Amino acid sequence: MDTRFIGKKSSAAGGWGALKSCGKRLLESGTPLSGAMTMLKANQPDGFDCPGCAWGDPEHGSSFEFCENGVKAVAWEATEKRASPAFFAAHTVSELRELSDYELELHGRLTHPMRYDAASDRYLPVAWDDAFREIGNILKSLDNPDRAEFYTSGRASNEAAYLYQLFVRLYGTNNFPDCSNMCHEASGVALRQAIGVGKGTVLLEDFEAADAIFVIGQNPGTNHPRMLGDLRRAALRGARIVVFNPIRERGLERFSDPQDKIEMLRGGSTDIASHYFQPQLGGDMAAVRGMAKAVLAAEDAAVAAGLPPVLDHAFLAEHCVDFAAYRAAVEATGWAEIEDQSGLTRAEIERAAAVYMQAERVICTWAMGVTQHVHSVATIREIASFMFLRGNIGRPGAGLCPVRGHSNVQGDRTVGINEKPPKAFLDALEREFGFSPPRRHGHNVLSAIGAMLDGSAEAFIGLGGNFARATPDSALVETALRRLKLTVNIATKPNHSHLMPGEVSFILPCLGRTEMDLAPNGNSQLISVEDSMSMVHGSAGINRPASPHLRSEVAIIAGIAEATVGSGIVSWSALAEDYDRIRDHIEATIPGFADYNTRLRKPRGFLLRNAAAHREWDTPAGKASFFSGPLPEETVHQRARKAGGRFALQTFRSHDQYNTTVYGLDDRYRGVYGERQVIFIHPEDLKAMEAEAGDRVDVVGAHGDGIERVARDFRFVPYDVPRGSIAGYYPELNVLVPLSSAGEQSDTPTSKSIMVSFRKREAA
Ligand SMILES: Nc1nc2c(c(=O)[nH]1)N[C@H]1C(S)=C(S)[C@@H](COP(=O)(O)OP(=O)(O)OC[C@H]3O[C@@H](n4cnc5c(=O)[nH]c(N)nc54)[C@H](O)[C@@H]3O)O[C@H]1N2
Ligand SMILES: Nc1nc2c(c(=O)[nH]1)N[C@H]1C(S)=C(S)[C@@H](COP(=O)(O)OP(=O)(O)OC[C@H]3O[C@@H](n4cnc5c(=O)[nH]c(N)nc54)[C@H](O)[C@@H]3O)O[C@H]1N2
Ligand SMILES: [Mo]
C-alpha cells in the first residue's frame, strides 16, 4: 500500500515549522514584502483586526504577536492572484464545479461584480447599479419577505452586520441563518440558561491567574494559535492544563513559542498539557459528571473527617439555584454508565477531578468538540454546573470560556444577527427608526435549508461564507440553491457556493479586512469587531484594494437596501458615507455601546460588560442555575459499537485550512502530507477489519434515515484515537453529515458524531 502521504508529525506545535510554513504562504501569495508588512499591522492599535480567529489581544499589544493562522489568513487575502472577468470567461460554471475548494480559491481575489448568464453557463461582468436594481426588484416581487434567506458568516464587521439586519428587518423578515448556528450556538443557549448571558466570562488576564485550565474539545494549536501562547505561559508558571480530546493533538502536547528567541534557538519546547484524557466522541458530559461525582464524594469525606469543605458553600447559598436536584442527578448516575459513555476510566476521571479540587482558580475552555453533538447544550450546562461547585465564575483567574471561531462571530450576534431577536432589541429599533420590525422568529441555517428544499424559500443572500460547503448534506443543499429565483454572494474569493446559481445569480466582490476602505471624503473608514472576551475594538485596513471595482460590505448592503426598501426611513447612502453614523445607531439601540465612537478609538477598544462575570444573573431564577438532566441515553459511539462494523465519525480542521478555505494539503501536526481524503482510526480497528494504513475505502453514512450518503475514496491513517471513534476533514466529509441530525435546543448540525461504516471503494 502507498503510505507515502503519512509522514513525520511536527515534534512540537509552533516553532520553526510554523515560521517555515508562513514564509511559504507569504511567498505563494506573491508579495512577500507587502505581506510581511501587512502582518505587522495585525491586531495593532492603528491596524486591522486579524481575520484569523476570535482569540483576544493582549493589553500591551505593541509588539507583533506572531501567529501562523493569522499570517495565512492575511496572506490569503493579500494574494496577487485575481479571479477576474477573464478567468470567468475562460471557464463555464460546470467546469469550475469540478475543481476542489483548494483549486478554486487558488485563483485569487474577485475583482468585478458578476452576473450569471445561463445561456453560456458563465459569469459575466455587470454594473453595480444594475446588480442592485435587479436584486431589489426580485426581492420586492416575492409574495412574502419570509421567502428570502439572509445568511451571515462571522467575518462581517459590526457595522456591516448592523446595517444588514436593519435592511432585512425593514424588508420584513427575521430569516438570519448564521454561521454560528453551525458553530457555538449551543454555548449561547446553554450559557443563557445557566448564567443569563450567552458569552464567556473570562478576560485574557484571567489566564495569567488561573491555577488550572480545562481545555475540552478544542484544538488551539491549529485553530487558535495565539491561545497556545497564553497556555504556555500558564504552564511555565506551574498552572495545570487538563485536556479532554479523543485525539492526541500535537499543539496541546508541546509548543515552541516563535515569540521566544531562546526556545527557538535551542529547538526546545514547553509541555502544555499536564493531563491528557482521550474520551470517546460525545463522551464529555459523562466525563464532567464523573468529575462532579468525585468532587461531591470528596466533600462528603471532608465533612465526615471534620476537614474544611471542598465546595464553595457561600457561593452555592448566595448565588445558585437547584443545587439539590443537581446533586441528586449526579449521585443517581452510576460509574459504569459514566465509564462506558465517556470512554474514560473512573481512575482517570478522579485524577482530573483532583486537579480541579487542588486549584483555587479554574478556567474551562471549549469549542467544536463540545458544541457539535446532539447533547451539546446539556454538556455545556453540565460544565457550568461543575464550575459552580467551587465558585469558579465571576472572580479573577476563573470562569467559562467558549472559544469562538470567526473573528467577529460574537459581534455579529451582539448587533442583531439573530433569527430569534430579543423583544427589547426590536423595541429599540422601532423607537430609533420608527418602523415596526417583524416579530415572528425567522430561519436558522437548518430551517433555511428546509425552506429551500420544500420550495418555500426563493432567494438567498450570503454576506460572506460558503453556505453550500459548510452545511450538512452538501449535495442536497447545492441542488436546493440551484432551484432558487435569486442567489447573491458577497465575497472576497470564488467558492463553491457561487457555482450553484439560482435563476438569477450575482457574485458581489467586497473589500477584505486588510484593505483600505476610503470614504467619499478620502478618510479611512474604521470598522469594529468583538472578540471571544467581549472586547470591542477598531480595525482599519492598510492595503490597496485588490481591484478598483471592489466595494465595502457596508456599501454593498446599502446599495441592495436602497434598491429594495428605498431611502424613506433610513438614508443608506448617508450611513455608508460615514460609519460613525452607523455606530451612533448601534449605541442608541444596543446596551453597552455608550460613547462607541470615542471608546472604539482607544488602543485596546472597550469591554462589553458581562453581568455574569460580576455575579449578576439574568436567568429566570435570578441566580446561577444548576442543571439536573440525565446523561444521554446513548451516544453515537455506543450505538456504533452495539451495531458492529460501525464507527462514530467527527469532522474537524487540518492545520492548513480555514473552514472551507483550504490553503494546502498538508497537516504537519498530524503527519499527513499532500492528501485530505483521509480517515484517522485506531490501529486495532484497522486490524479487526483486516485493513492497513493507506487502504482506500468509501465511507458510507449510517444515520438510518433512508438517505444514501457516500464519501468516496478515503485512505486510512492509523492514529492515537479511542477505538470506535474516527476522524476526518471538513468540508470533504460534509456529504455524510445528515441534515436530519441536530443538537437538542441548539439545532446545530452534529458534525462531531456521525454514524458511518466502510465499504470497498467503488470506481467513480
Ligand atoms: N487555522 C484555522 N483556524 C480556525 C478555523 C480553521 O478552520 N482553521 N476555524 C475557525 C472556526 S469558525 C472555529 S469554530 C474554530 C474551531 O476550533 P476547534 O473547535 O478547535 O475546531 P475543530 O478542528 O473542529 O476541532 C475540534 C477539536 O475537538 C476535538 N473533538 C471532537 N469531538 C470531540 C468530543 O466529542 N469530545 C472532545 N473532548 N473533543 C472532541 C477534535 O479532536 C479536535 O481536536 O476555529 C477557528 N479558527
Ligand atoms: N462537517 C463540518 N461542517 C462544519 C463545521 C465542522 O466542524 N464540520 N464547522 C462549522 C463552523 S464552526 C462554521 S463557523 C461554518 C463556517 O461556514 P462559513 O462561514 O460559511 O464558511 P467559510 O469557509 O468560513 O467561508 C469562506 C468564504 O468566505 C468569503 N470571505 C472571506 N473573507 C471575507 C470577507 O472579509 N468578507 C466577505 N463578504 N466574505 C469573505 C470567501 O469568499 C470564502 O470563500 O462551517 C460549519 N460547518
Ligand atoms: Mo465556527
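Numbering of ligands and ligand atoms starts at 1, following listing order. Model, not experiment: these values are computed from the prediction.
- Residue contact annotation: His655 has no non-hydrogen atom under 4.0 Å from ligand 1.
- When Met368, Arg155, His373, Arg670 are ranked by how near their heavy atoms come to atom 19 (O) of ligand 1, first place goes to Met368.
- Under a 4.0 Å criterion applied to the non-hydrogen atoms of Glu249, ligand 1 contributes the atoms 42 (O), 43 (C), 44 (O).
- Comparing heavy-atom distances from atom 32 (N) of ligand 1 across Thr365, Leu252, Val215, Leu281 singles out Leu281 as nearest.
- When only non-hydrogen protein atoms are considered, atom 21 (O) of ligand 2 lies nearest to Asn466 N, 3.6 Å.
- Selection from Gln280, Gln278, Arg653, Lys752 by nearest heavy atom to atom 26 (C) of ligand 1 gives Lys752.
- Remark: ligand 1 and Asn245 share an N or O pair separated by less than 3.5 Å (distance only, no angle test).
- For ligand 1, the polar-atom distance check finds an N/O of Asn223 within less than 3.5 Å of one of the ligand's N/O atoms.
- At least one N/O-N/O distance between Gly282 and ligand 1 falls below 3.5 Å.
- Atoms CZ and CD, from Arg513 and Glu515 in turn, are 12.0 Å apart once rounded to the nearest 0.5 Å.
- Only the side chain of His224 comes within 4.0 Å of ligand 1, counting heavy atoms alone; its backbone N, CA, C and O stay farther away.
- Ligand 1 does not have Gln372 within reach: every non-hydrogen atom of the residue lies 4.0 Å or more from it.
- In terms of N/O distances under 3.5 Å, ligand 1 is not approached by Arg404.
- For Asn659, a nitrogen or oxygen atom sits less than 3.5 Å from a nitrogen or oxygen atom of ligand 2, counting backbone and side chain alike.
- Closest heavy-atom approach to atom 46 (C) of ligand 1 among the candidates Ser753, Ser407, Pro731, Gly405: Gly405.
- Scanning for salt bridge (Lys or Arg N to Asp or Glu O under 4.0 Å) contacts around Glu149 gives an empty result, with sequence neighbours left out.
- Other residues, nucleotides and ligands contribute only 12 or fewer heavy atoms inside 6.0 Å of the CZ atom of Arg544.
- Cation-pi geometry between Lys9 and Tyr719 is met: the NZ or CZ atom falls under 6.0 Å from the ring centre, inside 45° of the normal.
- For ligand 1, the atoms closer than 4.0 angstrom to any heavy atom of Ile247 are 42 (O).
- Salt bridge annotation for Asp340-Arg641: present, with a cationic side-chain nitrogen under 4.0 angstrom from a carboxylate oxygen.
- For Phe652, the ring pair (Phe, Tyr, Trp, His ring centres under 6.0 Å) criterion is met by Phe680, Tyr729, not counting sequence neighbours.
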